[in-house]
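One structure below.
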Number of protein chains: 2
Amino acid sequence: LMRLTDVWKIYKMGEVEFAALKGIDLEIMHGEFVVILGPSGSGKSTMMNLLGCLDLPSKGVVELNNKDIAKMKESELAQIRGQLIGFIFQTFNLLPTLNTIENVMLPLEFQEADPDESWKRAEELLDVVSLGNKKYNLPSQLSGGQRQRVAIARSLAVDPKVILADEPTGNLDSETGNYILEFLDDLHRREGKTIIMITHDPELTKYADRVVHIKDGMVDNIEIIKRE
Amino acid sequence: LMRLTDVWKIYKMGEVEFAALKGIDLEIMHGEFVVILGPSGSGKSTMMNLLGCLDLPSKGVVELNNKDIAKMKESELAQIRGQLIGFIFQTFNLLPTLNTIENVMLPLEFQEADPDESWKRAEELLDVVSLGNKKYNLPSQLSGGQRQRVAIARSLAVDPKVILADEPTGNLDSETGNYILEFLDDLHRREGKTIIMITHDPELTKYADRVVHIKDGMVDNIEIIKRE
Ligand SMILES: Nc1ncnc2c1ncn2[C@@H]1O[C@H](COP(=O)(O)OP(=O)(O)OP(=O)(O)O)[C@@H](O)[C@H]1O
Ligand SMILES: Nc1ncnc2c1ncn2[C@@H]1O[C@H](COP(=O)(O)OP(=O)(O)OP(=O)(O)O)[C@@H](O)[C@H]1O
Ligand SMILES: [Mg+2]
Ligand SMILES: [Mg+2]
């Protein structure tokens with residue numbers, strides 16, 4: 001599904017150069033549940049932006065279905081970001097002027113889905129994350145963990161084949177967090193979705209097929225988890 | 001130090017009323033290390049805003065040093081928020097146009113501290129949170145956990161007597177998070193600071209004198225931890 005070959009991401013701040021990723025080689029298969037685990041500042045969110053085609057590498061190649069993303073047309077990239085991948089961002093990125101249900105429906109709006117069907121789907125997803133009674137709240141009227149759950153519900157709106165989740169449970173208590181993790185694992189096993197979860201928390205490796213350990217912008221170790 | 005007596009916080013959204021806090025009674029002593037523990041949406045951040053004099057209750061009384069905060073002058077409240085209490089917000093609230101060291105120095109600017117001393121203090125605090133090499137980065141050029149650490153450093157800038165921390169380690173790996181927790185515990189034991197930590201994570205109760213369990217806007221149980 002995705003392949004990173006000798007990928008570097010170098011940020012320039014005036015004279016100073018900082019390499020957030022230093023020569024990453026990584027393959028992610030269709031239908032896999034991969035966890036990318038590493039400490040704060042190790043390059044996880046940077047890697048997510050590349051995997052999600054939201055950014056381009058400074059050196060090396062990022063391929064999606066064997067095509068170099070740097071060579072794709074914008075229309076192709078838009079379809080990938082809008083239909084293939086569901087994103088859960090570390091900072092949630094909800095639109096502050098839309099209420100909860102509107103925020104969840106937004107990806108469907110972009111796909112010009114039927115409004116009644118979109119509403120119904122958004123309602124179901126809000127029930128999954130226990131926010132059915134917060135439909136009309138604005139993000140500013142929600143707790144931190146509630147905003148995170150809206151971001152999770154939104155990522156599933158178009159029923160994408162791939163979920164790209166950056167610290168999806170950081171603001172949730174363990175009971176709520178576990179419930180979400182089991183829900184994602186269920187989507188993985190029953191529907192064959194590819195789950196790429198990025199986190200500093202080893203607890204989230206529970207359902208992973210593989211754990212990619214990242215440290216200081218480099219892959220430290222790839223752990224294959226034996227599962228029945 | 002602080003006393004909440006039958007405190008309610010009721011949010012109105014048009015016709016609908018929602019009670020985030022329902023009759024909270026709580027006392028926090030000088031020099032205590034208290035953890036307020038509860039699930040997502042239980043009212044923790046709402047309680048923090050009241051304890052920090054950033055908001056007023058809908059019913060009931062919030063007292064700081066035996067004075068009703070609803071009756072205080074703005075000048076008195078400004079001094080409390082600027083000198084007595086150091087805040088670590090769940091959403092960090094860094095100023096996007098200031099770099100790391102400027103963000104850390106900001107509370108000192110408000111107290112009209114000496115600029116050279118402020119710089120020196122900010123540098124030391126950034127070393128404590130291992131961000132010495134990120135002084136000139138803007139918040140947008142930092143990882144999630146790095147922004148959280150800047151917020152932590154900033155809360156200590158004026159060397160406040162009280163630290164009010166909302167989910168201070170949610171974006172940090174356990175090693176970094178533990179280091180920060182031990183640092184706060186050290187300030188508590190050596191300098192007698194009052195630490196009020198708000199979290200969903202039971203791991204953070206390690207150094208607490210008392211744990212206040214909150215659920216659905218009410219105090220469920222107060223646990224006193226026996227410590228030598
Ligand atoms: N401005 C508001 N208007 C309406 N409801 C609000 C508002 N702010 C908060 N709430 C509601 O009050 C409740 C408590 O919110 P609060 O932010 O205190 O929770 P919390 O315990 O900090 O949760 P978390 O652990 O998810 O951060 C939530 O159900 C939330 O939806
Ligand atoms: N725009 C930028 N300019 C300069 N440096 C940057 C920029 N964005 C990120 N960095 C740096 O790149 C490194 C990796 O950042 P990244 O956000 O990928 O880390 P992370 O693993 O997601 O961390 P966390 O767990 O704290 O979220 C960090 O040291 C950060 O300071
Ligand atoms: Mg990150
Ligand atoms: Mg909160």
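This is a predicted model, so every value here is computed, not measured. Proteins get letters first, then strands, A, B, ... in listed order; numbering begins at 1 in each.
The part of Gln141(A) that comes within reach of chain B is its side chain, from C-beta onward, which places non-hydrogen atoms under 4.5 angstrom from that chain. Contact annotation for Gln146(A): both backbone and side-chain heavy atoms come within less than 4.5 Å of a heavy atom of chain B. For Ser143(A), the part lying near chain B is the side chain, with the backbone staying farther off; criterion is any non-hydrogen pair under 4.5 Å. Heavy-atom distances place the side chain of Thr91(A), and not its backbone, under 4.5 Å from chain B. Interface remark: Lys44(B) contributes no atoms to any contact with chain A (heavy atom separation under 4.5 Å).
When the side chain to side chain donor-acceptor pair (under 3.5 Å) test is applied to Asp127(B), no partner is found at least two apart in sequence or on another chain.
Taking a 6.0 Å sphere around CD of Glu203(B), one finds it holds 12 or fewer heavy atoms contributed by other residues, nucleotides or ligands. Other residues, nucleotides and ligands contribute more than 12 heavy atoms inside 6.0 Å of the CD atom of Glu74(A).
Annotation: maximal heavy-atom pairing with chain B below 4.5 Å, among Ser45(A), Pro202(A), Gly170(A), Gly38(A), occurs at Gly170(A). With chain B as partner, the option from Gly43(A), Gly177(A), Ser40(A) having the largest number of non-hydrogen pairs under 4.5 angstrom is Ser40(A). If you tally non-hydrogen atom pairs under 4.5 Å between each of Thr199(B), Thr176(B), Asp166(B), Asp173(B) and chain A, the highest count goes to Asp173(B). Taking Asn137(A), Leu37(A), Thr169(A) one by one and counting their heavy-atom pairs under 4.5 Å with chain B, the maximum is reached by Asn137(A).
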From CA spacing to verdict: side chain to side chain donor-acceptor pair (under 3.5 Å), Glu167(A), Asn171(B): CA-CA 8 Å; Glu167(A) 310 282 2; Asn171(B) 274 285; over 6 Å; no
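Close approach to chain B, defined as a heavy atom under 4.5 Å from one of its heavy atoms, is seen in Met13(A), Phe18(A) of residues 10-21 of chain A, taken by number.
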